[in-house]
K.L.:
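Here's a structure for you.
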Amino acid sequence: MSDELRRNMALFPISTVMKLTDLSARQIRYYEQHGLVRPARTKGNQRLFSFNDVERLLEIKSLIEKGVNIAGIKQMLKPVNSDSEEATVITPQSEEQRRKFADSKQFRRLMKHQMLTGNRYNRTTLLQGELARFFKT
DNA sequence: TTTCTGACA
DNA sequence: TGTCAGTA
(Lines give C-alpha, C1' and ligand atoms only; values in the text may rest on other atoms or scores of the structure.)
Protein backbone atom coordinates (compact mmCIF):
# COMPACT_ATOMS: atom_id res chain seq x y z
CA MET A 1 0.00 0.00 0.00
CA SER A 2 1.48 3.33 -1.04
CA ASP A 3 1.86 6.30 1.24
CA GLU A 4 -0.33 8.33 -1.02
CA LEU A 5 -3.05 5.78 -0.58
CA ARG A 6 -2.68 5.60 3.16
CA ARG A 7 -2.89 9.35 3.55
CA ASN A 8 -6.04 9.42 1.54
CA MET A 9 -7.87 6.64 3.27
CA ALA A 10 -11.05 7.92 4.83
CA LEU A 11 -10.94 6.61 8.37
CA PHE A 12 -11.98 9.08 11.02
CA PRO A 13 -15.45 10.15 12.08
CA ILE A 14 -15.86 13.80 12.98
CA SER A 15 -15.50 13.08 16.70
CA THR A 16 -11.93 11.91 16.19
CA VAL A 17 -11.10 14.84 13.98
CA MET A 18 -12.41 17.18 16.64
CA LYS A 19 -9.89 15.77 19.14
CA LEU A 20 -7.06 15.75 16.66
CA THR A 21 -7.58 19.30 15.47
CA ASP A 22 -9.21 20.84 18.52
CA LEU A 23 -11.83 22.32 16.21
CA SER A 24 -15.58 22.11 16.86
CA ALA A 25 -17.81 20.01 14.64
CA ARG A 26 -19.47 23.28 13.67
CA GLN A 27 -16.18 24.70 12.45
CA ILE A 28 -15.20 21.57 10.59
CA ARG A 29 -18.54 21.49 8.78
CA TYR A 30 -18.32 25.18 8.08
CA TYR A 31 -14.90 24.81 6.46
CA GLU A 32 -16.25 21.95 4.39
CA GLN A 33 -19.13 24.13 3.20
CA HIS A 34 -16.58 26.58 1.94
CA GLY A 35 -14.70 23.90 0.08
CA LEU A 36 -11.64 23.87 2.31
CA VAL A 37 -11.83 20.11 2.85
CA ARG A 38 -13.66 17.26 1.14
CA PRO A 39 -14.16 14.39 3.51
CA ALA A 40 -15.59 11.19 2.08
CA ARG A 41 -18.99 10.00 3.19
CA THR A 42 -20.35 6.74 4.49
CA LYS A 43 -23.54 5.32 3.10
CA GLY A 44 -25.26 6.93 6.02
CA ASN A 45 -23.92 10.31 4.92
CA GLN A 46 -21.50 10.49 7.81
CA ARG A 47 -18.23 12.27 7.12
CA LEU A 48 -15.04 10.18 7.03
CA PHE A 49 -11.76 12.09 7.17
CA SER A 50 -8.34 11.00 5.94
CA PHE A 51 -4.90 12.00 7.22
CA ASN A 52 -4.79 14.51 4.41
CA ASP A 53 -8.06 16.02 5.54
CA VAL A 54 -6.90 16.28 9.14
CA GLU A 55 -3.66 17.86 8.05
CA ARG A 56 -5.52 20.33 5.89
CA LEU A 57 -7.78 21.20 8.80
CA LEU A 58 -4.73 21.85 10.96
CA GLU A 59 -3.32 24.19 8.34
CA ILE A 60 -6.63 25.96 8.16
CA LYS A 61 -6.69 26.25 11.92
CA SER A 62 -3.24 27.78 12.09
CA LEU A 63 -4.15 30.21 9.34
CA ILE A 64 -7.35 31.22 11.13
CA GLU A 65 -5.33 31.82 14.27
CA LYS A 66 -3.08 34.09 12.27
CA GLY A 67 -6.09 36.14 11.31
CA VAL A 68 -6.58 34.86 7.77
CA ASN A 69 -10.21 34.69 6.65
CA ILE A 70 -11.91 31.92 4.67
CA ALA A 71 -11.43 33.71 1.38
CA GLY A 72 -7.73 34.08 2.02
CA ILE A 73 -7.35 30.46 3.03
CA LYS A 74 -9.20 29.35 -0.09
CA GLN A 75 -6.55 30.98 -2.20
CA MET A 76 -3.64 29.62 -0.20
CA LEU A 77 -4.92 26.06 -0.03
CA LYS A 78 -6.45 25.95 -3.50
CA PRO A 79 -6.03 22.45 -4.88
CA VAL A 80 -8.47 20.48 -2.84
CA ASN A 81 -8.36 17.74 -5.40
CA SER A 82 -5.53 18.07 -7.89
CA ASP A 83 -2.86 16.45 -5.78
CA SER A 84 -4.79 14.37 -3.35
CA GLU A 85 -8.46 13.76 -2.97
CA GLU A 86 -10.92 12.64 -5.57
CA ALA A 87 -8.77 10.37 -7.61
CA THR A 88 -7.76 8.44 -4.56
CA VAL A 89 -10.74 8.68 -2.37
CA ILE A 90 -10.57 5.35 -0.99
CA THR A 91 -13.47 4.15 0.12
CA PRO A 92 -15.30 3.49 2.60
CA GLN A 93 -14.98 0.00 3.14
CA SER A 94 -17.88 -1.26 5.16
CA GLU A 95 -18.39 0.35 8.53
CA GLU A 96 -17.37 -2.82 10.26
CA GLN A 97 -14.13 -3.11 8.36
CA ARG A 98 -13.32 0.51 8.98
CA ARG A 99 -13.92 0.30 12.71
CA LYS A 100 -12.04 -2.93 12.93
CA PHE A 101 -9.10 -1.40 11.13
CA ALA A 102 -9.19 1.72 13.26
CA ASP A 103 -8.41 -0.48 16.22
CA SER A 104 -5.95 -2.86 14.61
CA LYS A 105 -2.21 -3.24 14.88
CA GLN A 106 -1.95 -2.16 11.30
CA PHE A 107 -3.65 1.07 12.25
CA ARG A 108 -1.20 1.63 15.10
CA ARG A 109 1.62 1.14 12.65
CA LEU A 110 0.03 3.60 10.28
CA MET A 111 -0.29 6.20 13.02
CA LYS A 112 3.30 5.66 14.09
CA HIS A 113 4.39 5.92 10.51
CA GLN A 114 2.55 9.18 10.15
CA MET A 115 4.17 10.56 13.27
CA LEU A 116 7.64 9.65 12.10
CA THR A 117 7.38 10.16 8.39
CA GLY A 118 5.16 13.16 7.91
CA ASN A 119 3.91 14.18 4.51
CA ARG A 120 5.41 13.65 1.12
CA TYR A 121 7.29 16.90 1.26
CA ASN A 122 9.38 15.43 4.02
CA ARG A 123 8.32 18.28 6.21
CA THR A 124 7.37 18.00 9.83
CA THR A 125 3.68 18.49 10.03
CA LEU A 126 1.30 19.77 12.61
CA LEU A 127 -0.45 16.44 12.45
CA GLN A 128 2.56 14.65 13.87
CA GLY A 129 2.35 16.66 17.04
CA GLU A 130 -1.37 16.17 17.29
CA LEU A 131 -1.01 12.46 16.74
CA ALA A 132 1.58 12.18 19.48
CA ARG A 133 -0.66 14.06 21.88
CA PHE A 134 -3.60 11.92 20.87
CA PHE A 135 -1.84 8.72 21.89
CA LYS A 136 -0.07 9.81 25.03
CA THR A 137 -3.13 10.43 27.15
C1' DT B 1 -25.48 7.40 20.82
C1' DT B 2 -23.49 10.00 17.31
C1' DT B 3 -23.76 12.72 13.33
C1' DC B 4 -26.31 15.49 9.82
C1' DT B 5 -28.62 19.73 7.97
C1' DG B 6 -30.80 23.97 8.66
C1' DA B 7 -31.69 27.99 11.33
C1' DC B 8 -31.30 31.71 14.83
C1' DA B 9 -28.55 34.84 17.46
C1' DT C 1 -19.28 30.24 16.04
C1' DG C 2 -22.41 28.11 19.57
C1' DT C 3 -26.51 25.78 20.08
C1' DC C 4 -31.06 23.83 19.41
C1' DA C 5 -34.33 20.96 16.66
C1' DG C 6 -35.68 16.77 14.22
C1' DT C 7 -33.55 12.98 11.58
C1' DA C 8 -31.12 8.93 10.05
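Any value given below was found using the heavy atoms of this structure, including those in side chains, with hydrogens, waters and symmetry copies removed.
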K.L.:
Give the nucleotide from the list dT3(B), dT1(C), dT5(B) with an atom nearest to the side chain of Arg41(A).
P.N.:
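Closest of the options to the side chain of Arg41(A): dT5(B).
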
K.L.:
If I take atom CD1 in residue Ile14(A) and atom P in nucleotide dA8(C), what distance separates them, rounded to the nearest angstrom?
P.N.:
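These atoms are roughly 19 Å apart.
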
K.L.:
Which nucleotide sits closest to the side chain of Ser15(A): dG2(C), dT2(B), dT5(B)?
P.N.:
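Among dG2(C), dT2(B), dT5(B), the one nearest the side chain of Ser15(A) is dT2(B).
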
K.L.:
When you measure from the side chain of Lys61(A) to the backbone of Leu23(A), do you find a donor-acceptor pair of N or O atoms at a distance under 3.5 Å?
P.N.:
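No; judged by distance alone, with no hydrogens or angles, the pair does not exist.
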
K.L.:
Rounded to the nearest angstrom, tell me the gap between atom CD1 in Ile28(A) and atom C1' in dT2(B).
P.N.:
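So the two atoms are 14 Å apart, to the nearest Å.
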
K.L.:
What is the distance, rounded to the nearest whole Å, between atom CE of Met18(A) and atom C1' of dT1(C)?
P.N.:
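Computing the Met18(A):CE to dT1(C):C1' distance gives 13 Å.
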
K.L.:
Could I get the full list of side chain to side chain donor-acceptor pair (under 3.5 Å) partners for Ser15(A), not counting sequence neighbours?
P.N.:
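Counting only residues at least two positions away or on another chain, Ser15(A) forms no side chain to side chain donor-acceptor pair (under 3.5 Å).
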
K.L.:
Whole angstrom is fine here: how far is it from CZ in Arg26(A) over to P in dG6(B)?
P.N.:
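Answer to the nearest Å: 11 Å.
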
K.L.:
Convert the base pairs of DNA chain B into dot-bracket notation, remembering that pairs crossing earlier ones are written with [ ] and that bases paired across to another strand are shown as |; include only Watson-Crick or G-U pairs under 3.5 Å.
P.N.:
.|.||||||

K.L.:
For dT3(B), does either OP1 or OP2 sit under 4.0 Å from a side-chain N or O belonging to Arg47(A)?
P.N.:
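So the side-chain polar atoms of Arg47(A) never come under 4.0 Å of the phosphate oxygens OP1 or OP2 of dT3(B).
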
K.L.:
Take the protein atom CZ of Arg29(A) and the nucleotide atom P of dG2(C), then report the distance between them rounded to whole Å.
P.N.:
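About 12 Å, once rounded to whole Å.
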
K.L.:
Which nucleotide wins on minimum distance to the side chain of Pro13(A), given the candidates dG2(C), dT3(B), dT1(C)?
P.N.:
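When the side chain of Pro13(A) is considered, dT3(B) is the closest of dG2(C), dT3(B), dT1(C).
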
K.L.:
To the side chain of Gln46(A), which of dT1(C), dT5(B), dT3(B) is closest?
P.N.:
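Taking heavy atoms from C-beta onward, the closest nucleotide is dT3(B).
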
